[in-house]
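Residues: numbered from 1 along the sequence shown.
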Amino acid sequence: DSCHAIAQALPNNPSGYYWILNSTNAAVNVYCDLVRYLNGSRGWMRVAYVNMSDSNQTCPSAWTLYDISATGVRLCGRPRGPGCFSVNYTTYGVPYSKVCGWVKGYNYNTNDGFNRRNCSSLVTTCVYTAIDQPYLDGVSITRNSPLRQHVWSYADANVNNGNCPCATNSVFEYTIPSFVGSDWYCQAQGGGSTSNYYNYPLWGGACSGSQAPCCANPNLPWFYKTLPTQV
């Protein structure tokens with residue numbers, strides 16, 4: 001039993017909560033999206049959902065709520081300053097082999113995309129090689145614990161620095177970590193030390209000018225990935 005099996009057997013059923021069996025044959029109640037088609041697949045089990053346009057929604061405990069009342073934007077983010085903050089979500093023991101999702105973000109200050117400002121050396125050999133290193137500014141989605149594996153990255157860059165590797169004016173000169181591969185999106189806004197762009201969400205599929213190639217993936221704003229093996 002799975003959300004995909006329900007979508008196949010009951011194609012007219014609405015999205016909602018259903019009982020399915022996990023890998024130990026225990027029944028678990030999960031939300032199944034039975035409507036969305038992505039890369040030909042339909043019937044997705046929801047693992048994480050944070051909709052900050054809902055005024056009753058709160059941020060996961062590791063994140064900070066930023067309520068930008070002047071713009072009507074409510075969002076979750078890391079506390080201001082350097083560092084990485086994680087949130088874990090359960091898959092209820094349900095086997096899976098495909099992952100999809102959507103992240104909406106906003107630029108604040110001068111973010112570096114995949115640039116390696118935090119490296120100790122400013123030479124081209126300074127490349128992040130471990131998933132627990134600060135290899136991007138943005139959001140990284142990983143799976144498994146404690147040995148995490150990369151699923152998808154959303155990088156936030158500064159258009160003035162040209163450090164989105166997909167941009168036509170890119171001055172990007174450093175290697176994207178091998179564990180990231182081609183599984184990433186990157187978008188930039190202008191920015192200075194106090195700039196924010198709450199009217200221009202990132203990674204939504206709307207790019208222009210030098211950023212246009214960064215929105216070439218037809219799945220945007222969604223990502224989609226087939227894993228090498230079922231987990």
For this session: Examine Val139 and Val99 and state if one hydrophobic cluster contains both, with Ile, Leu, Val, Met, Phe, Trp and Tyr joined whenever side-chain heavy atoms are less than 4.5 Å apart.
Result: yes
Exercise. Considering all heavy atoms of both residues, which atom of Gly43 and which atom of Leu34 are nearest to each other, and what is their separation?
Worked result: CA-CD2, 4.3 Å
Problem set entry | Under 3.5 Å: donor-acceptor pair, side chain of Ser23, backbone of Pro95 | no
Seminar exercise, completed: ring-ring contact (aromatic ring centres under 6.0 Å, His included) filter on Tyr18, not counting sequence neighbours, yields none
Problem set entry | Nearest-0.5 Å distance that lies between atom CG in Asp137 and atom CG in Asp156 | 6.5 Å
Exercise. Is the ring centre of Trp203 less than 6.0 Å from the ring centre of Tyr185?
Worked result: no
Exercise. Which pairs, with at least one residue in residues 3-49 and sequence neighbours excluded, count as a disulfide bond (SG atoms under 2.5 Å apart)?
Worked result: Cys3-Cys32
Problem set entry | Hphob cluster co-occupancy, Tyr89 + Val151, side-chain heavy atoms under 4.5 angstrom | no
Exercise. Looking only at heavy atoms, which two atoms of Pro165 and Ile176 are closest? And how far apart?
Worked result: CG-CD1, 4.0 Å
Problem set entry | Residue pair Val50 / Pro60, side-chain heavy-atom distance below 4.5 Å | yes
Exercise. Do the side chains of Thr90 and Asn88 get nearer than 4.5 Å, heavy atoms only?
Worked result: no
Seminar exercise, completed: What one should report as the nearest heavy-atom pair of Gly204 and Pro221 is CA-CB, 3.9 Å
Exercise. Heavy-atom distance under 4.5 Å between the side chains of Tyr135 and Phe179, does that happen here?
Worked result: yes
Exercise. Is there a donor-acceptor contact under 3.5 Å from the side chain of Thr64 to the main chain of Arg78?
Worked result: no
Exercise. For Cys186 and Cys214, is the interatomic SG distance under 2.5 angstrom?
Worked result: no
For this session: Starting from the C-alpha separation in whole Å, work towards a yes-or-no answer on side-chain contact (heavy atoms from CB on, under 4.5 Å) for Asp132 and Arg148.
Result: CA-CA 9 Å; Asp132 290 322; Arg148 295 190 299 126; 2.5 Å; yes
Problem set entry | Nearest non-hydrogen partners of Leu220 and Gly205, listed with the distance | CB-CA, 4.0 Å
For this session: Count the heavy atoms of every other residue, nucleotide or ligand shown that sit under 6.0 Å from NZ of Lys225, and state whether that count exceeds 12.
Result: yes
Exercise. With hydrophobic residues grouped by side-chain heavy-atom distances under 4.5 Å, do Tyr66 and Tyr106 end up in a single group?
Worked result: yes
Problem set entry | Pairwise distance CG(Leu136) to OG(Ser153) - rounded to 0.5 angstrom | 5.0 Å
Exercise. Looking only at atom types and distance, does a side-chain atom of Arg74 sit under 3.5 Å from a main-chain N or O of Leu65, one as donor and one as acceptor?
Worked result: no
Exercise. Is there side-chain contact between Ile20 and Met45, with at least one heavy-atom pair below 4.5 Å?
Worked result: yes
Problem set entry | Flag, side chain of His150 to backbone of Ile141, donor-acceptor distance under 3.5 Å | no
Exercise. Sub-3.5 Å donor-acceptor pair from the side chain of Asn22 to the main-chain atoms of Tyr92, do we have one?
Worked result: yes
Problem set entry | Any donor-acceptor pair under 3.5 Å from Arg46 side chain to Val30 backbone | no
Exercise. Linking I/L/V/M/F/W/Y whenever their side-chain heavy atoms sit closer than 4.5 Å, directly or via other members, would Val47 and Trp63 fall into one cluster?
Worked result: yes
Exercise. Closest heavy-atom contact between Arg42 and Ala7?
Worked result: NH1-O, 3.1 Å
Exercise. Just wondering, do Met52 and Cys76 contact through their side chains at under 4.5 Å, heavy atoms?
Worked result: yes
Exercise. Is the shortest heavy-atom distance from the side chain of Leu202 to the side chain of Tyr154 under 4.5 Å?
Worked result: no
For this session: Could you tell me whether the side chain of Arg36 reaches within less than 4.5 Å of the side chain of Ser15, counting heavy atoms only?
Result: no
Exercise. For the residue pair Trp152 and Phe223, does the interplanar ring angle fall in the parallel (under 30°), tilted (30 to 60°) or perpendicular (over 60°) class?
Worked result: parallel
Exercise. Taking the six-membered ring where the residue is Trp, are the ring centres of Tyr49 and Tyr31 under 6.0 Å apart?
Worked result: no
For this session: Could you tell me whether the side chain of Gln149 and the main chain of Ile131 form a donor-acceptor pair under 3.5 Å?
Result: no
Exercise. Do the side chain of Asn39 and the main chain of Ser41 share a donor and acceptor less than 3.5 angstrom apart?
Worked result: no
Problem set entry | Backbone N/O of Gln211 and side chain of Gln187: donor-acceptor pair under 3.5 Å | no
Seminar exercise, completed: Taking every heavy atom of Thr168 against every heavy atom of Pro213, the minimum-distance pair comes out as CG2-CG, 3.6 Å
